[in-house]
Amino acid sequence: KPRLYSGMQPSAESLQIGNYIGALLNWKSLQETHDAFFSIVDLHAITVAQDPAKLRENTRRTAAQYIASGIDPDASTLYVQSHVAAHAQLAWVLNTITGFGEASRMTQFKDKSAKQGSDGTTVGLFAYPILMAADILLYDTVVVPVGEDQRQHVELTRDIAARFNTRFGDTFVVPEASIQKETAKIYDLQNPLSKMSKSAESHAGVIWVLDEPSVTAKKIMRAVTDADGGVVFDRENKPGVANLLTIYSTMAGRTVQSLEDEYAGRGYGDLKKGLAEVVTGTFGPIRARVIELLDDPAELDRLLAVNAARAASVADATLARAYDRVGLLPPR
Ligand code: ATP
Ligand code: MG
């Protein structure tokens with residue numbers, strides 16, 4: 001089976017619906033046909049300030065949300081990034097073959113550093129995409145299923161891998177991003193021009209997987225739309241409604257066309273009510289399962305340990321290959 005790698009940051013208590021639609025839904029189907037590695041990337045999360053106790057807790061919670069959403073920890077390798085030392089080790093080597101200008105062109109760095117201010121912007125945040133390249137390359141990954149916001153980072157990974165191979169001889173598999181076109185980017189309900197994010201300053205427009213159903217429904221009912229009134233998919237002129245239709249269609253497994261037909265001549269209120277039902281209907285059972293899993297943290301930790309050992313056995317071999325190629329003297 002072809003290798004697949006993807007991950008999410010434990011940067012909040014809950015995942016948001018963009019993570020679910022843009023990543024988890026695809027992971028779930030791809031794990032059947034791929035040798036899949038799904039990581040909880042805590043080393044990425046600390047590129048912006050995290051509360052240590054919360055980070056630990058959010059790491060377990062993220063693992064529980066993977067499992068509750070349908071990732072099978074027996075069939076796939078579901079592990080915590082910092083449990084496999086090779087990630088940080090390979091990242092250092094890749095840092096040394098990445099151009100400063102090349103890394104400076106990453107738009108996510110520009111966005112996140114603008115929010116952090118110059119004192120909050122760390123070298124770690126700048127180096128984040130290079131750590132991500134290490135994540136992917138350690139597993140001889142062929143497929144990287146991510147949302148649109150990660151496309152540039154996967155492109156950088158390809159460039160770094162190809163450069164390393166040219167300079168030091170064939171070492172890494174050059175991976176491909178796998179991005180689901182229609183659902184690749186879910187927008188904030190209060191600001192339908194900006195990406196929904198776990199680390200958004202305001203939570204008013206973020207749908208959390210683990211929110212109470214009544215909270216989710218309220219947020220959807222308050223979503224920004226427009227004065228036009230028609231339930232029509234028009235990303236350019238009606239970004240709010242287009243976003244609601246995208247979420248609705250993927251969560252319900254229906255075409256946008258069938259939703260436009262159903263809600264033709266009815267108001268946005270009806271559309272939002274229908275959407276709220278579908279979202280809470282999907283997230284309700286996931287939430288219940290997460291609560292169950294978190295009730296037995298020892299069992300969850302045991303599962304993560306077994307999976308980390310499996311990941312390390314692959315990653316350590318790749319790291320040894322890379323160290324050897326660049327001329328690091330092996331210890332005896
Ligand atoms: P943070 O704000 O901490 O960066 P995030 O919500 O952007 O959190 P990540 O952990 O960075 O989430 O990304 C996890 C996965 O979810 C990635 O594959 C990313 O492409 C995808 N993703 C994140 N936000 C969206 C979104 N709004 N629409 C679709 N996919 C998304
Ligand atoms: Mg992100």
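In this chain, numbering begins with 1 at the start of the sequence shown. For ligands, and for the atoms within them, numbers begin at 1 and follow the listed sequence.
For residues 243-253, the pairs satisfying side chain to side chain donor-acceptor pair (under 3.5 Å) are Tyr248-Tyr263, with sequence neighbours left out. Screening residues 224-233 for side chain to side chain donor-acceptor pair (under 3.5 Å) gives Asp226-Lys238, Asp226-Tyr268, Asp228-Lys238 as the qualifying pairs, with residues at least two apart or on separate chains.
Hydrophobic clustering of Ile, Leu, Val, Met, Phe, Trp and Tyr side chains at less than 4.5 Å, counting indirect connections, keeps Val80 apart from Tyr139.
With a 6.0 Å radius and a threshold of 12 heavy atoms from other residues, nucleotides or ligands, Glu57 has its CD atom above the threshold.
Among residues two or more places apart in sequence or in another chain, the ring-ring contact (aromatic ring centres under 6.0 Å, His included) test is passed with Phe126 by Phe100, Phe109.
At a heavy-atom cutoff of 4.0 Å, ligand 1 is surrounded by Gly7, Met8, Gln9, Ser11, Gln16, Gly18, Asn19, Gly22, Ala23, Lys112, Val146, Gly147, Asp149, Gln150, Ala184, Lys185, Ile186, Lys195, Met196, Ser197, Lys198, Ser199.
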Verdict with supporting geometry, Gln31 and Ile71, side chain to side chain contact (heavy atoms under 4.5 Å, CB included): CA-CA 8 Å; Gln31 71 177 344; Ile71 301 305; 4.0 Å; yes

